[in-house]
Amino acid sequence: QAAAGAGSESCAPPVCVLVLGMAGSGKTTLVQRLTAHLHSQNSPPYVVNLDPAVRELPFAANIDIRDTVKYKEVMKQYGLGPNGGIVTSLNLFATRFDQVMKFIEKRQNTSQYVLIDTPGQIEVFTWSASGTIITEALASTFPSVVVYVMDTSRSTNPITFMSNMLYACSILYKTKLPFILAMNKTDIIDHSFAVEWMQDFEIFQDALNQETTYVSNLTRSMSLVLDEFYSSLKVVGVSAVLGTGLDEFFVKVSEAVDEYEREY
Ligand code: GDP
Ligand code: MG
C-alpha cells in the first residue's frame, strides 16, 4: 500500500495535521475517516497514533506508540494509575521522537498529509512536556495545523459551548499554530447554531438569557473577549461517522497553512 498512489510528484513537504480534542469528541473516528478519504483520493496519508491506551484502532497506523511503549506495563513498572501511565508512556515515546521524525522525513515525497491522533484526554498532550516536544519537533520541520475537534452535540448549551471555546482558545495560544475548529457529530445536530453564536453576538446573548446560573454574567463578558478569537477562526462542520464535510475540511487546512506561511 505504501508507494501506491504516491503519484503526487510535487516536492512540497507533507502537511502535519495534529488532531486534538476532549475525550470522546471523535478524534480517532475523524482520523479514520480522513485516512479513508485520502486513500480514496489516491493520496494515502502517513498516520501516527500517539494514544498509548487505545484498545483498538479503526485505522492502520504507520507509527503506533503502542508498538514501542506498553502502557499497562508502564503502569505496573512505575506503580502508576491510568493517567500517570498514559503521561509516562508519552514521555518515554517523546525521548525517541527523533526516530519518528526520520521515518516521516523518509516519506516526505510520497504522502501529502501526516495525520496524528492524540491521547483521549487532551491535557495529557497539551499540558505535558512530551506533547510540547512532539508538537515542536513536527511544527519546526513540516507545515502543521492543529485541528480542535468539538463534540457539537454536547455543546448546545451556551455555557458549555463557551467553556469549550475557551479551551480551544487556550490551545491556540499554547501551540501558536494554524488552527481549525472541527465541529464534529453534525449527523446528530447541525453546527449552524454554533456558527450563528460565533457570528452574531446578540443571538448568543439571547441563548444566554435563558440561563440563570451565576456564571452567565461572566459568560456574557467572555463572549465579547472571544469575538476576536472567533473572527479569525476557521470552522468546519464534519461528521466523522458519515464522512461529511471532509472536502471543506481539507480546503480549510490548505488555507490555514497558506495564511500562516504568508504571515510568518
Ligand atoms: P476520541 O476519544 O476523541 O478519540 O473519540 P472517538 O473517536 O473514540 O469517539 C468517541 C465516540 O463518539 C465513539 O462512540 C464514536 O463512535 C462517536 N463518534 C465519533 N464521531 C462521531 C460522529 O461524527 N457522529 C456520531 N454520531 N458519533 C461519533
Ligand atoms: Mg481516541
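Each ligand, and each atom within it, is numbered from 1 in the order the structure gives. Numbers here simply count residues along the sequence, with the first being 1.
Of the options D247, L246, V241, L242, a side-chain contact (heavy atoms from CB on, under 4.5 Å) to T244 is made by L242 and by none of the others.
Summary of contacts: the protein heavy atom closest to atom 23 (O) of ligand 1 is A240 N, 2.9 Å. In terms of protein heavy-atom proximity, atom 20 (N) of ligand 1 is closest to N184 ND2, 3.2 Å. Nearest protein heavy-atom contact of atom 2 (O) of ligand 1 is G24 N, 2.9 Å. Summary of contacts: the protein heavy atom closest to atom 12 (O) of ligand 1 is K185 NZ, 3.0 Å. Closest protein heavy atom to atom 24 (N) of ligand 1: D187 OD1, 2.7 Å. The single protein non-hydrogen atom nearest to atom 21 (C) of ligand 1 is V241 CG2, 3.4 Å, given as residue, atom name and distance.
There is no protein heavy atom less than 4.0 angstrom from atom 14 (O) of ligand 1. For atom 28 (C) of ligand 1, a protein heavy-atom neighbour is present inside the 4.0 Å cut-off.
In terms of N/O distances under 3.5 Å, ligand 1 is not approached by D117. Between T29 and ligand 1, an N or O atom pair is found at a separation short of 3.5 Å.
Residue contact check: I188 has heavy atoms under 4.0 Å from atoms 26 (N) of ligand 1. For ligand 1, the atoms sitting less than 4.0 Å from at least one non-hydrogen atom of T28 are 4 (O), 7 (O), numbered in the order shown with element in parentheses. Short contacts between ligand 1 and G26, defined as distances under 4.0 Å to a heavy atom of the residue, involve ligand atoms 1 (P), 3 (O), 5 (O), 6 (P), 7 (O), 9 (O), 19 (C). If you number the atoms of ligand 1 from 1 as listed, the ones under 4.0 Å from a heavy atom of M22 come out as 3 (O).
Residues E136 and F97 have side chains not in contact (no heavy-atom distance under 4.5 Å, counting atoms from C-beta outward).
Side-chain N/O atoms of S25 and D151 include no donor and acceptor closer than 3.5 Å. In summary, the side chains of N184 and H191 do not present any donor paired with an acceptor at a separation below 3.5 Å, with no hydrogens or angles considered.
Rounding to the nearest 0.5 angstrom, the gap separating the CD atom in E123 from the CD1 atom in I171 is 9.5 Å. In this structure, CZ in F229 is found 5.0 Å from CZ in F179, a value given to the nearest 0.5 Å. We find the CG-CH2 distance between D206 and W197 to be 11.0 Å, quoted to the nearest 0.5 Å. From F161, atom CZ reaches atom CG of L208 across 11.0 Å, with rounding to the nearest 0.5 Å.
Judged by the shortest distance from any of its heavy atoms, Q32 lies outside the 4.0 Å radius around the atoms of ligand 1. Using a non-hydrogen distance threshold of 4.0 Å, S25 registers as a contact of ligand 1.
One hydrophobic cluster holds both Y167 and V235 under the rule that ILVMFWY side chains link at heavy-atom gaps under 4.5 Å.
The nearest N, O or S atom of T28 is closer to the Mg ion (ligand 2) than 2.8 Å.
No donor-acceptor pair under 3.5 Å is formed between the side chain of T156 and the backbone N or O of T152.
Relative orientation of the F250 and Y113 rings is tilted, given thresholds of 30° and 60° on the angle between their planes.
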